[in-house]
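One structure is given below, encoded as structure tokens.
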Number of protein chains: 2
Amino acid sequence: MVPKKEPAERRGRGRPQSFERETALCAAMRLFWDRGYEGTSFDDLIATMGISASSFYNAFGSKEALYHEAIETYMSVAGGWFLDILNENIDTITAFRKLTTTAAMEFTRDDQPSGCMISVAATQCSPGQSRLRDLLASQRTQAEGAMAERLRVGMSAGDLPENTDIDALAAFYGSLLRGMAVQARDGASRDRLLEIARIGMRAWPAI
Amino acid sequence: MVPKKEPAERRGRGRPQSFERETALCAAMRLFWDRGYEGTSFDDLIATMGISASSFYNAFGSKEALYHEAIETYMSVAGGWFLDILNENIDTITAFRKLTTTAAMEFTRDDQPSGCMISVAATQCSPGQSRLRDLLASQRTQAEGAMAERLRVGMSAGDLPENTDIDALAAFYGSLLRGMAVQARDGASRDRLLEIARIGMRAWPAI
DNA sequence: GGATTTATGGAGCGATGGTACCAAAAAAAG
DNA sequence: CTTTTTTTGGTACCATCGCTCCATAAATCC
């Protein structure tokens, strides 16, 4: 195969990679996102990434290691809107309104797999995948923790009643988002998800 | 192996089955519930069911056919509370309050796998399993349809405002229940789920 | 008892899964 | 050009997966 032109960057010695690592990683992420870890076969991976088995192991180490990288990529890129919104300098209720409506929009983009890569992954899996299950569960717990943190800030700012059960409220919105992810996977429309988000905001505690 | 005593019932001729079909089916259901379809291996199945490969195929036909039966069993037994509550002759808001709180209870029973067998199944799977994916998605849609139907009855009875978007409200509670199922799988406590259910009822439309 | 029917045990099969290995290729360094 | 370093292509490997086949066992029917 004709190697691609060198990517401007200073290369070390040795034969240059014939593919862009980031592009291949992104392609793998989408496949994992769509099919999950166990549902994505090695052969499908290297076919989609456009590389050989040797190149795969040389560049990514193993299927599991690649999945870890895919998750990281998802969180910082495709799912970056989540933490971005929590960090915006806006009203707490505005932040959560934006969180739910943006989820509705992002979960139904036609240039990406539907739903969320993390929300519904590895909830049912073989015993051999318990490490992955724990990893995914931990990611979900972290996301919920971030929401709880934001709610705590809001409480300090007087955006929430003093007696609000912060952790329960975060768990509620966590549940809602995960359920919306399942709906999206099942083919629910953007409008339908937006309606769900709107109804979900009715549960916001009265000040 | 010593065959068990005949189960009172009139048998035809031929060697009698050495196991109770229903017991084996129930054991399979639990395994599928816990690990999903692809996460459950054939060997694990027959080991848990306590039967041989021959007996398995003789009695159930195939792994996929068994899964279908397991789903039916789940819906009529372990998940029967769902339709039962929708058919109870009670106030609409009472029915949905009972639906969400019962879900919280059922999803965290210590004598069963946590969560719901249907809610989060086959949302991510290999292309070869598209039939199962569609089946599960259809089950979820049906469950949501049953809730919508109940809401429509409630609307006729004056339990809901005239302008209520029934389908959206059903989708909201569908999302919430599915999200709760994920939470349960991730180890959320019964109290936590009950809190989520309580908060979810705040979204009920004001009369 | 013999014939018939159904279930069981056990061996094994073809396909696929993820991975390892090695000689060859393509670059930089000396 | 030679050496060194890294990537690549191809092949082969071993475990697992879902499933099949066949001889045998255990019941009923005549």
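Below, chain A is the first sequence line, B the second, and so on; all start at residue 1.
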Separation of [N] [atom2] from [X] [atom1] (nearest whole Å):
| X | N | atom1 | atom2 | answer |
| --- | --- | --- | --- | --- |
| B:Arg35 | D:dT16 | CZ | C1' | 15 Å |
| A:Arg13 | D:dT4 | CZ | C1' | 4 Å |
| A:Phe19 | D:dT6 | CZ | P | 15 Å |
| B:Ile46 | C:dA11 | CD1 | P | 13 Å |
| B:Leu45 | D:dT16 | CG | P | 16 Å |
| A:Leu31 | C:dG17 | CG | P | 12 Å |
| B:Tyr57 | D:dC17 | OH | P | 12 Å |
| B:Asn58 | D:dT20 | CG | P | 13 Å |

Phosphate contact ([N] OP1 or OP2) by [X] side-chain N/O below 4.0 Å:
| X | N | result |
| --- | --- | --- |
| B:Ser18 | C:dT8 | yes |
| A:Ser54 | D:dT7 | no |
| A:Ser52 | D:dG9 | yes |

Tell me which nucleotide among [options] gets nearest to the side chain of [X].
| X | options | answer |
| --- | --- | --- |
| B:Phe42 | D:dG18, C:dT19, C:dT8 | D:dG18 |
| B:Gln17 | C:dT19, C:dT8, D:dT8 | C:dT8 |
| A:Asp43 | C:dG17, D:dG9, C:dT19 | C:dG17 |
| B:Arg15 | D:dC29, C:dT8, D:dG18 | C:dT8 |

* **A:Arg21/A:Glu69 ion pair, N-O < 4.0 Å** =>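 A:Glu69 and A:Arg21: salt-bridged.
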* Please determine if A:Glu195 and A:Arg198 form a salt bridge, counting it only when a charged side-chain N lies under 4.0 Å from a carboxylate O. =>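 Counted as a salt bridge, because a side-chain N and a carboxylate O are separated by less than 4.0 Å.
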* Answer with yes or no whether the side chains of B:Thr141 and B:Ser138 bring together a donor and an acceptor at under 3.5 Å. =>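 Their side chains do not contain a donor-acceptor pair, so the 3.5 Å distance test is not met.
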* Contacting residues from residues 64-72 of chain A, given that a heavy atom lies under 4.0 angstrom of DNA chain D ->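 Of all residues in residues 64-72 of chain A, none places a heavy atom under 4.0 Å from DNA chain D.
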With a 3.5 Å cut-off and sequence neighbours excluded, list the donor-acceptor pairs that the side chains of residues 170-177 of chain B form with protein atoms.
from	atom 1	to	atom 2	distance (Å)
B:Tyr173	OH	B:Gly200	O	3.1
B:Ser175	OG	A:Gln183	NE2	3.2
B:Ser175	OG	B:Ala171	O	3.4

* Those residues that, when tested against B:Tyr57, pass ring pair (Phe, Tyr, Trp, His ring centres under 6.0 Å) (two or more places apart) ->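 B:Tyr57 satisfies ring pair (Phe, Tyr, Trp, His ring centres under 6.0 Å) with B:Phe42 once adjacent residues are dropped.
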* Asked: Within the structure shown, what part of the strands sits under 4.0 Å from B:Phe56 by heavy-atom distance: base, sugar-phosphate, or nothing?
  ->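 The answer is nothing, as B:Phe56 stays clear of every strand by at least 4.0 Å.
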* Asked: Across the strands shown, which category fits A:Ser126 at heavy-atom distances under 4.0 angstrom: base, sugar-phosphate, nothing?
  ->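 Nothing, no heavy atom under 4.0 Å.
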* Asked: Which sits closer to the 5' end of DNA chain C, B:Ile51 or A:Ser62, going by the nucleotide each is nearest to?
  ->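 With B:Ile51 and A:Ser62 compared, the 5'-side residue is B:Ile51.
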* What's the shortest heavy-atom distance between B:Met117 and B:Met29, and which atoms? ->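 Taking B:Met117 first and B:Met29 second, the nearest heavy atoms are SD-CG, 3.9 Å.
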* B:Cys26 and B:Thr73, any side-chain heavy atoms less than 4.5 Å apart ->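 Not in contact.
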* Asked: According to the interplanar angle, ranging from 0 to 90°, do the rings of A:Phe32 and A:Tyr37 count as parallel (below 30°), tilted (30 to 60°) or perpendicular (above 60°)?
  ->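 The arrangement is parallel - the two ring planes meet at less than 30°.
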* To do: Report yes if a donor N or O on one partner sits less than 3.5 Å from an acceptor N or O on the other, where the partners are the side chain of A:Ser41 and the base of C:dG17; otherwise report no.
  =>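 Counting by modelled atom types and ignoring angles, no donor-acceptor contact under 3.5 Å is found here.
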